[in-house]
Colleague: 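Take a look at this one; I'll ask things after.
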Amino acid sequence: SSVGVVVVAAGSGSRLGADVPKAFVHLAGRPLLAHALDTVARMPGRAEVVVVAPAGLTDPGGPLWSGVVLPAGAVVVPGGAERTDSVAAGMAALGQGCEIVLVHDAARCLMPLAVFSRVVEAVRAGAAGAVPGLPVVDTVKTVDADGVITGTPERSTLRAVQTPQGFRREVLERAHASGLQATDDAALVELCGDDVVVVEGDPLGTKVTTADDLERAQWLLDRAAT
Ligand code: C5P
C-alpha cells in the first residue's frame, strides 16, 4: 500500500519571533522546510508528498523557497488557520492511491529517516495509527485555570509525542470529518475510538519552536558534521 506524506508548514511561528513563517526560517543556510523535505525525499518506495504552506507562500519559485528541493511530484497547497485545517487541506490533495498517510511538522526538521520507517511499519503491521514518542523526564501536572494542580499523571505512563504521525487513510479522514481541532492528529483519531500506538521517537525530532530550539538544532547539525 502506498504512502502519502503531508508536510505541514503553514504555521506563523510567532513563538520564534522571526520575520518569516517558521518553516522558512533558516537553519545552516536553508529553510527548516528544506531540511525536513530532504529526509522525506529519502523515504523508500517513492512516497507521494504534499507540502502545506502559508497562503500567499505557495509558489515554490518564490524567494523564501530558495534552498528547498521539492521531492519529485510533490505539490504545494495553502494551509488554514489552525494546524488541523492545514492537515485537512494537505490530505485532500493526496492521490486516491495513498492508503497510508503520514503527517509531519516541517518544524521537526531533523527527525531521522529511521523514525519515518518505524511509523510506516507499525501501520503496515495493522495499527490504525502510529506516532513516535519519548519517555517524559519531568514530572507533569494538570492544572486548573488558576494554576492549582489538579493531578499528577504517573510519569511512566506518559510519552512526549512527535511527528511523523501515520494512519490508515480512512482512519485519519474519519477523524478529521469530526470537525474537532487538536494539536496533533493522534488526538482526533483517539477521540474517534481508534487505537494509536507509540513507536520509539528520536530526540533529534524535537520541534523547533523558540530561538533556543533553533540554536540547539544548529548545534546538533554542527556536531553531526564533525
Ligand atoms: O504551531 P506548532 O508548532 O504546533 O505547529 C506545528 C506544525 O504545524 C508546524 O510545522 C507548522 O508550520 C504547522 N502548522 C500549519 N498550519 C497552522 C499551524 C501550524 O501547517 N495553521
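None of the values given here were measured: they were computed from a predicted structure. Numbering of residues begins at 1 and proceeds along the displayed sequence. Both ligands and their constituent atoms are indexed starting at 1 by order of listing.
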Colleague: Within ligand 1, which atoms have a heavy atom of D105 less than 4.0 Å away?
Modeller: 6 (C), 7 (C), 8 (O), 10 (O)

Colleague: I'd like to know if E170 pairs up with R174 as an ion pair, taking the criterion as any Lys NZ or Arg NE/NH1/NH2 lying under 4.0 Å from an Asp or Glu carboxylate oxygen.
Modeller: no

Colleague: Please answer whether the main-chain N or O of L57 pairs with a side-chain N or O of W65 as donor and acceptor at a distance below 3.5 Å.
Modeller: yes

Colleague: If you count the atoms of ligand 1 from 1 in the order shown, which ones are under 4.0 Å from a heavy atom of R15?
Modeller: 1 (O), 2 (P), 3 (O)

Colleague: Would you say the side chain of V7 lies within less than 4.5 Å of the side chain of V40, judging by non-hydrogen atoms?
Modeller: yes

Colleague: Could you work out, for atom 21 (N) of ligand 1, the closest of G80, G79, P54 by heavy-atom distance?
Modeller: G80

Colleague: I need the R168 CZ to C98 SG distance, nearest 0.5 Å.
Modeller: 15.5 Å

Colleague: Can you check side chain to side chain donor-acceptor pair (under 3.5 Å) on S156 and E154, steps first, answer last?
Modeller: CA-CA 6 Å; S156 64; E154 164 67 33; 3.0 Å; yes

Colleague: For residues V189 and L191, determine if any side-chain heavy atom of one lies less than 4.5 Å from a side-chain heavy atom of the other.
Modeller: no

Colleague: Would you mind listing which atoms of ligand 1 come within a distance below 4.0 Å of any non-hydrogen atom of S86?
Modeller: 15 (C), 16 (N), 17 (C), 20 (O), 21 (N)

Colleague: Taking the side chain as C-beta and beyond, is there a heavy-atom pair between D213 and Q218 under 4.5 Å?
Modeller: no

Colleague: Give the residue and atom name of whichever protein heavy atom lies nearest to atom 14 (N) of ligand 1, and the separation in Å to one decimal.
Modeller: G11 N, 3.4 Å

Colleague: Using only atom types and a distance under 3.5 Å, with no angle test, would you say the side chain of R159 pairs donor to acceptor with the backbone of P135?
Modeller: no

Colleague: For A23, state whether at least one heavy atom is located under 4.0 Å from any atom of ligand 1.
Modeller: no

Colleague: Relative to ligand 1, is S12 under 4.0 angstrom through side chain, backbone, both or neither, heavy atoms considered?
Modeller: neither

Colleague: Closest non-hydrogen protein atom to atom 10 (O) of ligand 1, residue and atom name please, with distance?
Modeller: V8 O, 2.8 Å

Colleague: I'd like to check which ligand 1 atoms, numbered from 1 as shown, lie under 4.0 Å from a non-hydrogen atom of A81.
Modeller: 21 (N)

Colleague: Under 3.5 Å between any N/O of K207 and any N/O of ligand 1: does that happen in this structure?
Modeller: yes

Colleague: Can you name the atoms of ligand 1, numbered from 1 with element, that are less than 4.0 Å from a heavy atom of A107?
Modeller: 10 (O)

Colleague: At a non-hydrogen distance cut-off of under 4.0 Å, which region of A10 contacts ligand 1 (side chain, backbone, both, or neither)?
Modeller: both

Colleague: Relative to the heavy atoms of E82, which atoms of ligand 1 are at a distance of less than 4.0 Å?
Modeller: 17 (C), 21 (N)

Colleague: Give the atoms of ligand 1, by number and element, whose distance to some non-hydrogen atom of K22 is under 4.0 Å.
Modeller: 3 (O)

Colleague: Quick one, D105 with Q162, criterion side chain to side chain donor-acceptor pair (under 3.5 Å). Give me CA distance, side-chain angles, the key distance, then yes/no.
Modeller: CA-CA 9 Å; D105 293 338; Q162 306 175 314; over 6 Å; no

